[in-house]
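Taking it in order: structure first as structure tokens, then the write-up.
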Amino acid sequence: MADDTTDEVRPMAGLENAMVDMLDLAAPQERYRLMVDQAVMEPVPGVVMVASREAVEQTLRNHKVFSSEGFLDLGNTRPLIPMSIDPPRHKDYRKLLDPLFAPKRMDAIEDDVAMRVNHFIDKFIDRGECNFTEELAELFPSAVFLGLMGLPWEDLGTLMRFRDGILRPGDLTQDPDERLVAMRKNAEDIYDFFGSVLDEREVKPEEDILSHFLQAEIDGQKLTRHDILDICFLFLIAGLDTVSDTLTCFYAHLATHPEDRLRIVKDPAIIPSAVEELLRWETPVPMLLRMANADGEVCGQAVKAGSMVTISLGAANIDAAGIADPFEVRLDREINPHLAFGGGVHRCLGSHLARRELRVTLREWHRRIPEYSLKPGHEALEYPPGFRHVKDLMLVWPT
Ligand code: HEM
């Protein structure tokens, strides 16, 4: 609760365009620095932005005031599990889901992940060039997902279509009403698709996540069919584009910083720390949202009930209060407590899977394609709004 000692939250001095810029600029880090200095801002009445490391951590940890419930209508007819559920129910779901994405589980799928990334590299390596975004980054995380869900390669196109229907509804139609109808139809198709796979797994369980969901229990109660479908729906949103986008950011950096590329080629042992550092620097999910469901405060600033709170993970990740020399990209950083996977109870469920996919891609790619750069004529990189990512990242290498 806010008390008498809290200050009113400040408007953003000189940062009026920061929210927009932060989403679409190729290099947002300088702007993040200005935001960190202001820590807590109110760019428009009723919208509070928290940006310093301390403010972001305080907000993420205070889930009682800063709620995740009720966000995101992506065609789904029920809340996304567990992202749009607050504790205490949230804890039950995480208890059940966390073990499925634990590091040990990821060890078990590492060879499969490597096989899948090489499947895509095989297709273009002899050509000496590729559209990295389209030919690898967008496809590979969905292919890994097929493995986790026990689905055949032939379902890759279906998964991609579902994903695009949720995340790029503008591609379906530009009219807002028609778009909502199209999103609902896409969601129905997703529920139907996973529903029929679940029917099959009920008859013949396999060693995959879907079969596990059917067996799983919370306090002696099995998950309902709706629960499982809502979890699957969220996985399509949270687990696919995030990794795709991260890969495009990583390769844009490496293709334009040959010294970093060479470090990875010469010493693949630094890949795990390089992944953490690039996650920190790029922060592909730059911003999270919460709703203040009671009066609260962040870093001594009052936040009124009903405010929408935007949380800048990107800014927090370059705050010197959390990391030494934040503007130096050091691939061998030993201590790197970045917030690219968020924090508090909703911290990313799939962080170990994401890390595994990113590490394996860097390892396999640099083993097979050590020298690469931006394709001449395609040096201007486009970072569209939304999660931070590069459209049509064109790479070339000697054959
Ligand atoms: C580099 C890739 C990834 C990044 C940067 C990322 C980032 C994040 C962030 C910042 C959150 C916190 C959301 C919030 O607090 O509102 C989150 C939550 C989540 N992520 Fe990830 N994520 C990635 C990959 C994945 C993957 C591969 C999965 C696959 C299972 C996944 C599943 C989830 C789920 C289910 C949640 C919700 C957790 C909860 O509400 O308890 N993520 N992710």
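Only this structure's heavy atoms are used, side chains among them; waters, hydrogens and symmetry mates stay out. None of the values given here were measured: they were computed from a predicted structure. Just follow the structure's listing: the first ligand is 1, and inside any ligand the first atom is 1. Nothing fancy with the numbering, it's 1 onward along the sequence.
- Between atom NZ of residue Lys375 and atom CG of residue Asp392 there is a gap of 11.0 Å, rounded to the nearest 0.5 Å.
- Between Arg263 and Glu259, none of the side-chain N atoms (NZ, or NE/NH1/NH2) sits under 4.0 Å from a carboxylate O, so this pair counts as no salt bridge.
- In this structure, Ser68 has no heavy atom closer than 4.0 Å to ligand 1.
- Taking a cutoff of 4.0 Å between a charged side-chain nitrogen and a carboxylate oxygen, Asp208 and Arg201 qualify as a salt bridge.
- Under a 4.0 Å heavy-atom criterion, Ile85 is not in contact with ligand 1.
- Against a heavy-atom cut-off of under 4.0 Å, Leu313 is close to the following atoms of ligand 1: 10 (C).
- For ligand 1 and Leu234, the ligand atoms under 4.0 Å from any heavy atom of the residue are 35 (C).
- Taking the six-membered ring wherever Trp is involved, the centroid distance between the rings of His63 and His346 does not fall below 6.0 Å.
- With a 4.0 Å cut-off on non-hydrogen atoms, Ala340 touches ligand 1 through its backbone and not its side chain.
- Of all atoms in ligand 1, listed by their number and element, those nearer than 4.0 Å to a heavy atom of Phe101 are 30 (C).
- Using a 4.0 Å cut-off to heavy atoms of Gly342, the atoms of ligand 1 that qualify are 10 (C).
- Using cut-offs of 30° and 60° on the angle between ring planes, the pair Phe101 and Phe235 is perpendicular.
- Below 3.5 Å of separation, one finds an N or O of Arg94 facing an N or O of ligand 1.
- You'll find the side chain of Tyr251 stays beyond 4.5 Å of the side chain of Leu136, heavy atoms only.
- Heavy-atom proximity to atom 25 (C) of ligand 1, evaluated over Ala238, Pro284, Pro87, is greatest for Ala238.
- Side-chain contact between Val197 and Phe193 is present, with at least one heavy-atom pair separated by less than 4.5 Å.
- Note on Asp107 versus Lys104: no salt bridge recorded, every NZ/NE/NH1/NH2 to OD/OE distance being 4.0 Å or above.
- For ligand 1, the atoms lying closer than 4.0 Å to a non-hydrogen atom of Ala354 are 1 (C), 2 (C), 24 (C).
- Looking at ligand 1, you won't find any N or O of Arg347 less than 3.5 Å from one of its N or O atoms.
- Scanning the protein heavy atoms around atom 37 (C) of ligand 1, the nearest turns out to be Met83 CE, 3.8 Å.
- For atom 21 (Fe) of ligand 1, the closest non-hydrogen atom of the protein is Cys348 SG, 2.3 Å.
- A salt bridge links Lys204 to Glu206: at least one charged side-chain nitrogen sits closer than 4.0 Å to a carboxylate oxygen.
- Atom 1 (C) of ligand 1 has its nearest heavy-atom neighbour, among Ile81, Thr246, Leu339, Asp245, in Thr246.
- Within the structure, the closest approach of Arg290 to ligand 1 falls below 4.0 Å when heavy atoms are considered.
- For Glu188 and Lys185, the salt-bridge test fails: no basic side-chain N is under 4.0 Å from an acidic carboxylate O.
- Distances below 4.0 Å separate heavy atoms of His90 from the following atoms of ligand 1: 39 (C), 40 (O), 41 (O).
- At a 4.0 Å heavy-atom cut-off, ligand 1 touches Leu349 through backbone and side chain alike.
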